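Taking it in order: structure first as structure tokens, then the write-up.
The sequence lines fix the lettering, A, B, ..., with proteins before strands; numbering per chain opens at 1. These numbers come from the heavy atoms of this one structure, side chains and all, not from hydrogens, waters or symmetry mates. Given the structure is predicted, the values throughout are model-derived calculations rather than measurements.
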Amino acid sequence: MADNVRRSMPLFSMGIVQKLTGLTARQIRYYEENDLIHPERSEGNRRVFSFNDVDRLLDIKSLLDEGVNLAGIRRVLSEKPVVANRPAEGKKAMSDAELMKFLKSELVQAGKFGKTSLIQGELSRFFR
DNA sequence: GTTCTGACA
DNA sequence: TGTCAGTA
């Protein structure tokens with residue numbers, strides 16, 4: 001259960017998530033409006049994303065890249081309970097350590113190249 | 001400086 | 001979706 005705790009631990013700010021996912025704040029907020037994600041809120045009403053939210057956002061990005069509309073994405077994601085991120089054996093893509101490492105490298109690259117790096121096109125292949 | 005909501009091109 | 005406004 002320590003796994004779920006870590007995954008739902010609010011750690012990322014909007015800016016970080018933007019770089020991590022390559023999505024714009026506008027999109028992220030829009031997806032939240034459509035109940036695709038449910039970030040926590042901090043003091044000043046700031047969104048605080050958990051590891052799960054980022055992972056979920058990446059899934060959304062993958063679907064978007066495949067030309068799936070919001071309705072379709074919502075359908076796919078609706079099968080994934082928010083807080084109920086059980087140790088789904090045959091569906092687990094990456095371990096926490098791997099995902100963490102991956103995200104960190106993306107951050108570094110995003111920093112080097114300026115803004116959105118390769119996160120946009122290639123990334124979608126690794127997920128889902 | 002960063003993020004938030006609402007709104008409009 | 002982008003972006004501007006007015007805040008917190």
Counting runs of three or more consecutive pairs, Watson-Crick or G-U wobble, with each distance below 3.5 Å, where are the stems of DNA chain B? B:4-8 with C:2-6
Spacing between [X] atom [atom1] and [N] atom [atom2], to the nearest angstrom:
X: A/Arg46; N: C/dA8; atom1: CZ; atom2: P; result: 11 Å
X: A/Asn45; N: C/dG6; atom1: CG; atom2: C1'; result: 15 Å
X: A/Glu33; N: B/dT3; atom1: CD; atom2: C1'; result: 15 Å
X: A/Glu43; N: B/dC4; atom1: CD; atom2: P; result: 14 Å
X: A/Met14; N: B/dT3; atom1: CE; atom2: P; result: 8 Å
X: A/Leu23; N: C/dT1; atom1: CG; atom2: C1'; result: 12 Å
X: A/Arg47; N: B/dT2; atom1: CZ; atom2: P; result: 17 Å

Between atom [atom1] of [X] and atom [atom2] of [Y], what is the distance when rounded to the nearest 0.5 Å?
X: A/Leu57; Y: A/Asn52; atom1: CG; atom2: CG; answer: 11.5 Å
X: A/Asn34; Y: A/Leu70; atom1: CG; atom2: CG; answer: 5.0 Å
X: A/Leu64; Y: A/Asp59; atom1: CG; atom2: CG; answer: 11.5 Å

Evaluate the side-chain proximity of A/Arg46 to A/Ser13: yes if any heavy-atom separation is below 4.5 Å, no if none is. no
Those residues of residues 24-31 of chain A lying under 4.0 Å from DNA chain B by at least one heavy atom: A/Arg26, A/Arg29
Contact class for A/Gly44 vs. all strands (heavy atom < 4.0 Å): base, sugar-phosphate, or nothing? nothing
Does a side-chain N-to-carboxylate-O contact under 4.0 Å join A/Glu40 and A/Arg47? no
Quick one: is A/Ser13 getting a side-chain N or O under 4.0 Å of the B/dT3 phosphate, OP1 or OP2? yes
Exercise: identify the closest heavy-atom pair between A/Lys61 and A/Thr21: CD-O, 3.0 Å
